[in-house]
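This report concerns only the one structure given below.
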Amino acid sequence: MSIILRFTMWLRRELMRCVGFVLKLLSFNKRCSLPRTLVLIILLSAVSSVIFLYSVMDSSSRVPRANPPVPHIRCQRDPMAAERPIIGSGKRSGEQRLRIAHRALLISESLNSRGGQKIRYFLSSLRIDVKVEVKTKTLPTLANRKSGRFAVIIFENYNSYLDLDNWNRQLIDKYCHDYGVGIIGFVKPPDDSATSFSHFESYFMTFQYNLKLEDYKLRPDSDIWRVTKPGEIWKGPLPSTWTVFHSNHSTYQSLAFSKLSSSFLEFDTGEVLDSSFKYVTAVYDQGQIDGIPKILLGCDLNFWLHSMIVMDALSYLSFGKLELTLDRFIQVDVDDIFVGKVGIRMKTPDVQALLETQQRLQREVEGFRFNLGFSGGFFLSGDDEEDKGDRELLENRNSFRWFSHMFRHEQPHKFDPAYVEHSMMLNKKFAEDHDIQVYGMYAVAPHHSGVFPVYEPLYTSWKSVWGVMVTSTEEYPKLLPSWKRHGFIHKGIMVLPRQTCGLFTTTVFSSDFRGGLTGLDASIQGGEIFQTILTTPMSIFMTHLSNYGNDRLALYMMESVVEFLKCWTNLRLLSLPPLEMGFKYFELYPQDKDPLWTNPCDYSRHLSIWPANRTCDRLPQFLIVGPQKTGTTALYSFLSQHPSIVSNHKSRKTFEEIQFFNTDNYYSGLDWYMASFPSPEKPNMTLLFEKSANYFENEIVPKRVAALLPRAKIIVLVMNPAKRAYSWYQHQRNHKDPTAMNYTFHEVVTANDMSPPKLRTLRSRCLLPGLYAQHLIRWLDFFPPNQIHIVHSDELRNDPINVMHYLQKFLHVHPYMDYSQYLRYDPVKGFFCQVISDKQNKCLGKSKGHTYPPMGPEAEQHLRHFYRKHNMNLSKLLASFNTAVPQWLQTELKEAVLLKN
Ligand SMILES: Nc1ncnc2c1ncn2[C@@H]1O[C@H](COP(=O)(O)OS(=O)(=O)O)[C@@H](OP(=O)(O)O)[C@H]1O
């Protein structure tokens with residue numbers, strides 16, 4: 001139906017265009033009146049017949065408007081349930097919680113097993129850190145000194161726990177005893193025979209496998225239930241095949257029950273139909289037999305109720321360590337309330353339905369209000385009925401919360417800053433003219449444009465026109481997978497993650513939804529939208545004008561899912577104005593505040609909402625990351641001599657260093673970083689680079705670099721760390737650092753916890769960059785070894801021509817440059833310098849390679865000891881970089897061996 005409607009509208013539009021076009025033609029051809037009259041007659045008769053056709057279709061075959069589905073979910077609302085206290089982990093929480101990390105260990109069947117992946121994604125959506133280990137591999141370290149590394153151990157297949165070899169079994173059991181940690185296991189059949197059983201004598205338990213079941217209910221009185229609210233019965237066949245549990249031992253508390261599927265009975269077993277819930281599908285082993293609490297489930301996470309049971313099991317078995325709040329904040333944005341084609345916009349009854357649903361939702365979701373986004377340019381752009389709908393919205397303007405878009409719903413990234421601001425001002429004027437009280441602290445950009453990847457003028461205009469403090473998007477860090485979406489803060493504006501509810505501008509009627517109304521019901525009843533709210537403390541849903549007229553699917557969906565959540569969960573549904581939502585979000589996830597910039601050119605969706613004049617050609621292909629005092633400036637200047645290698649613009653404050661990834665410059669954003677580089681004339685032939693010598697030891701830098709420049713090559717310089725520390729100390733004295741001036745080098749490196757804070761800080765800054773192995777390992781978490789090149793500083797100082805030879809090979813730079821022609825030893829400077837002419841060299845400034853007294857033997861001895869272990873680790877690590885062990889390290893190693901003997 002909707003296709004016919006759309007086709008008719010298209011035809012009408014096209015005809016109007018043709019009329020305009022022909023009239024234009026005719027007006028130019030004034031001398032030829034006969035053909036003009038003829039064409040006019042033909043045209044008018046064509047138009048009138050099409051209009052006739054359209055009017056017939058309009059009255060007879062257009063989709064009837066008011067037939068929206070009515071929410072039908074009603075729950076038992078067991079009166080006892082309200083009385084029952086939610087216990088969950090509360091009873092068991094205590095000191096033990098402090099001894100375990102916020103992480104789960106998952107033993108999976110294989111590297112990419114489906115069940116394992118599903119559990120992993122589920123845990124990640126709950127933001128639970130998970131270590132995945134394949135069952136055949138050796139177990140990871142379970143405890144660090146006195147703290148447990150895992151709060152719960154999960155077996156994708158519980159049989160893998162039962163089949164563990166003695167050694168590993170003892171390790172796991174001991175860990176569980178020592179830390180009070182429990183096990184969650186999914187019990188899977190060893191084969192697919194319909195009558196197979198396993199009996200475990202020592203556990204007083206029998207598993208019966210491969211049953212087809214139907215209907216499902218939960219034990220009403222278990223202490224485990226927290227999110228889960230028992231009392232309802234899930235009707236109908238259950239997915240997949242099941243394992244059920246048989247035992248009379250008091251350690252087992254049955255958690256869930258089901259019936260044998262009637263079809264299965266008839267065809268497979270021939271058993272007499274038993275309609276009672278006698279099949280136990282989930283069980284809590286209280287640990288009376290082996291001291292380890294366990295929760296076992298007879299099927300994987302494919303059954304929707306298992307998500308809730310697993311959430312409660314995680315919380316219960318971890319003393320609340322892996323517990324998620326019961327509060328669920330929900331925000332529904334109608335984006336954009338006036339933007340929609342004629343024929344699918346809201347009419348007066350739709351507005352009434354919106355108001356009524358809002359009132360009902362307010363009873364279930366504390367503080368609920370629909371947020372209406374508006375682009376004034378589209379007000380009254382429907383047919384008569386729809387324009388009445390627009391007016392009805394304004395009549396009821398104070399019942400809703402209004403937020404702003406661009407006036408004409410244009411994507412900001414396509415316009416210059418002045419226009420972006422102008423468009424927002426027009427929308428503001430529209431709001432003033434129509435007496436709309438706008439909630440200016442929240443705004444949304446059409447098609448996410450400009451929010452991420454950030455278009456700075458959007459943020460600037462938002463702040464200056466509206467005082468925006470919070471927005472939302474689906475695009476950070478990427479659209480998919482949706483459970484990875486996070487928030488961030490940029491230039492004081494909180495960007496919240498938006499969730500997907502499956503309704504889009506095109507979802508006008510229930511038949512447009514994937515699977516029709518049945519599909520929508522499935523999403524509500526345990527499916528996608530239910531799971532989203534279940535696992536996400538804060539859900540912001542974007543819906544559209546077309547979901548509120550027509551079949552009013554948004555109203556149906558929201559009311560139904562709220563009712564379903566009330567039936568099956570103890571979740572507290574709440575809503576807040578967007579600003580408070582923002583504060584709440586970053587209170588829950590303070591670690592999200594920092595943005596993580598990614599490369600827009602690596603993702604087509606991002607590229608499509610990034611200004612056309614931006615180019616990724618202004619991002620570096622390699623970085624010199626330090627550490628300080630290892631010869632980074634010399635290397636920087638040698639590389640800059642190459643015709644195809646171009647460095648960043650110099651900074652007034654930090655000279656040749658940009659210091660983007662390790663300082664507040666990072667918060668200036670991607671535009672700022674790209675503006676630090678020249679636009680290369682021949683991007684394909686040019687390698688851009690930057691050197692910032694503090695990148696190496698900074699914890700956050702490798703992650704940030706990998707996010708933005710995943711293919712960048714990384715250059716690290718190493719030298720004897722004791723000498724590096726001494727050079728750094730002398731550098732500080734040269735710059736008249738008061739602490740360095742007040743203390744000897746020996747005093748600095750031997751400072752301890754009792755020393756004055758400034759001295760301790762200087763000591764850390766002096767010594768920590770020299771822990772090379774520790775820092776390199778962090779870089780290796782984000783970059784493969786073949787992307788990292790180690791330069792030995794001594795070689796750079798003594799034989800830079802060779803170093804430059806290997807570096808050119810590593811960087812694949814063209815043309816090859818014979819540096820023997822461009823570098824020459826300067827006897828006055830005592831270093832290699834750039835050749836300017838036959839007689840003239842250009843050396844680095846006074847601060848590089850200046851003279852100072854040699855290091856005292858006491859400090860040298862102290863540092864040798866301090867760095868010994870780290871140097872040994874470095875020697876092992878260097879093997880992965882295919883580089884020789886330098887002379888100084890060989891000497892250190894020999895001494896270490898001598899001391900050992
Ligand atoms: N060709 C050439 N010219 C000058 N200096 C050279 C050269 N090659 C290596 N070096 C050594 O580089 C040391 C300074 O290192 P950095 O440039 O990394 O220092 S900084 O972190 O940027 O301040 C500097 O350390 P100090 O001698 O302690 O000043 C030099 O030893």
Side-chain angles (χ1 to χ4, degrees), residues 623-642 647-648 650-651 653-659 661-663 689-698 701 714-737 740 745 748-749 762 765-770 772 775 789-804 806-807 819-820 822-836 840-856 859-860 863 886-888:
L623 305 179
I624 301 174
V625 298
Q628 275 190 304
K629 308 316 294 176
T630 52
T632 55
T633 319
L635 185 57
Y636 173 88
S637 75
F638 297 164
L639 282 164
S640 302
Q641 282 179 275
H642 195 291
S647 73
N648 51 282
K650 289 210 161 109
S651 144
K653 266 199 219 152
T654 47
F655 312 105
E656 77 276 4
E657 299 202 350
I658 305 180
Q659 302 192 356
F661 293 103
N662 64 327
T663 64
F689 83 106
E690 63 136 327
K691 88 103 178 164
S692 293
N694 285 325
Y695 284 169
F696 178 64
E697 71 273 14
N698 191 297
V701 170
I714 308 296
I715 298 172
V716 178
L717 292 92
V718 294
M719 63 188 278
N720 186 330
K723 280 194 179 164
R724 196 214 70 83
Y726 189 53
S727 166
W728 186 84
Y729 168 78
Q730 291 298 344
H731 177 86
Q732 295 305 107
R733 282 179 68 90
N734 231 7
H735 286 79
K736 303 283 178 267
D737 176 280
F745 183 57
V748 173
V749 296
L762 194 75
R765 291 181 57 211
C766 182
L767 298 184
L768 295 190
Y772 300 135
H775 304 307
H789 185 78
I790 309 275
V791 170
H792 295 294
S793 305
D794 294 342
E795 199 183 347
L796 178 71
R797 172 196 290 245
N798 302 324
D799 187 4
I801 289 149
N802 201 32
V803 168
M804 298 314 289
Y806 282 107
L807 253 180
Y819 270 90
S820 62
Y822 299 93
L823 295 178
R824 179 164 59 203
Y825 183 77
D826 186 303
V828 179
K829 178 79 180 172
F831 284 98
F832 276 79
C833 300
Q834 295 181 29
V835 175
I836 299 287
Q840 224 186 343
N841 298 330
K842 187 178 165 211
C843 300
L844 295 185
K846 265 195 285 178
S847 67
K848 312 288 169 193
H850 68 295
T851 46
Y852 39 78
M855 190 187 328
E860 195 173 343
L863 289 180
Q887 193 54 50
W888 67 267

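Just the heavy atoms: all of them, side chains too, but no hydrogens, waters or symmetry mates, feed the values below. Each ligand, and each atom within it, is numbered from 1 in the order the structure gives.
- Numbered from 1 in the order shown, with element, the atoms of ligand 1 that lie under 4.0 Å from a heavy atom of Tyr852 read 26 (P), 27 (O), 28 (O).
- Formation of a donor-acceptor pair under 3.5 Å by the Lys829 side chain with backbone atoms of Leu844 is found in this model.
- The closest protein non-hydrogen atom to atom 20 (S) of ligand 1 is Lys848 NZ, 3.4 Å.
- Taking atom 7 (C) of ligand 1 as the reference point, the nearest protein heavy-atom neighbour is Phe831 CD2, 3.3 Å.
- Side-chain contact annotation: Tyr695 with Glu690, donor-acceptor N/O pair under 3.5 Å present.
- For atom 18 (O) of ligand 1, the nearest protein heavy atom (residue, atom name, distance) is Thr632 OG1, 2.6 Å.
- Only the side chain of Leu844 comes within contact range of ligand 1, with a heavy atom under 4.0 Å; no backbone atom does.
- Distance alone, capped at 3.5 Å, is enough to place a donor-acceptor pair between the Ser640 side chain and the Tyr636 backbone.
- With hydrogens left out, the protein atom closest to atom 17 (O) of ligand 1 is Thr633 OG1, 2.5 Å, a heavy atom.
- The closest non-hydrogen atom to atom 19 (O) of ligand 1, taken over Lys629, His731, Gln628, Arg797, comes from Lys629.
- Regarding atom 1 (N) of ligand 1, its nearest protein heavy-atom neighbour is Phe832 O, 2.9 Å.
- Using 4.0 Å as the threshold, Lys691 has a heavy atom nearer than that to some atom of ligand 1.
- The closest heavy-atom contact to atom 8 (N) of ligand 1, among the options Pro627, Ala634, Ser727, comes from Ala634.
- Between Tyr772 and Phe696, the ring-plane angle classifies as tilted under the 30° and 60° cut-offs.
- Using a distance-only test at 3.5 Å, with no hydrogens or angles considered, no donor-acceptor pair links the side chain of Arg733 to the main chain of Trp728.
- Considering backbone and side-chain N/O atoms, Glu657 never comes within less than 3.5 Å of an N/O atom of ligand 1.
- Not a single donor-acceptor pair under 3.5 Å links the side chain of Lys848 to the backbone N or O of Gly631.
- In Lys723, neither the side chain nor the backbone holds a heavy atom less than 4.0 Å from any atom of ligand 1.
- Ring to ring, Phe638 and Tyr822 are not that close: their centroids are 6.0 angstrom or more apart.
- Annotation for ligand 1: atoms under 4.0 Å from non-hydrogen atoms of Thr630 are 15 (O), 18 (O).
- Scanning all protein heavy atoms for the shortest distance to atom 27 (O) of ligand 1 gives Gly849 CA, 3.3 Å.
- Assignment of Leu796 to the shell around ligand 1 is not supported, since no heavy atom sits closer than 4.0 Å.
- A distance-only check finds no donor-acceptor pair linking the side chain of Asn648 to the backbone of Glu657 [under 3.5 Å].
- For Arg797 (side chain) and Phe831 (main-chain N/O), no donor-acceptor pair under 3.5 Å exists by modelled atom type.
- With hydrogens and angles ignored, the 3.5 Å screen pairs no side-chain donor or acceptor of Arg824 with any backbone N or O of Ile836.
- Within a 6.0 Å radius of OH in Tyr806, no more than 12 heavy atoms belonging to other residues, nucleotides or ligands are found.
- Residue contacts with ligand 1 do not include Tyr636, since none of its heavy atoms lies under 4.0 Å from the ligand.
- Atoms of ligand 1 lying under 4.0 Å from at least one heavy atom of His850, given by number and element, are 29 (O).
- Protein heavy atom in closest approach to atom 11 (C) of ligand 1: Gly631 CA, 4.1 Å.
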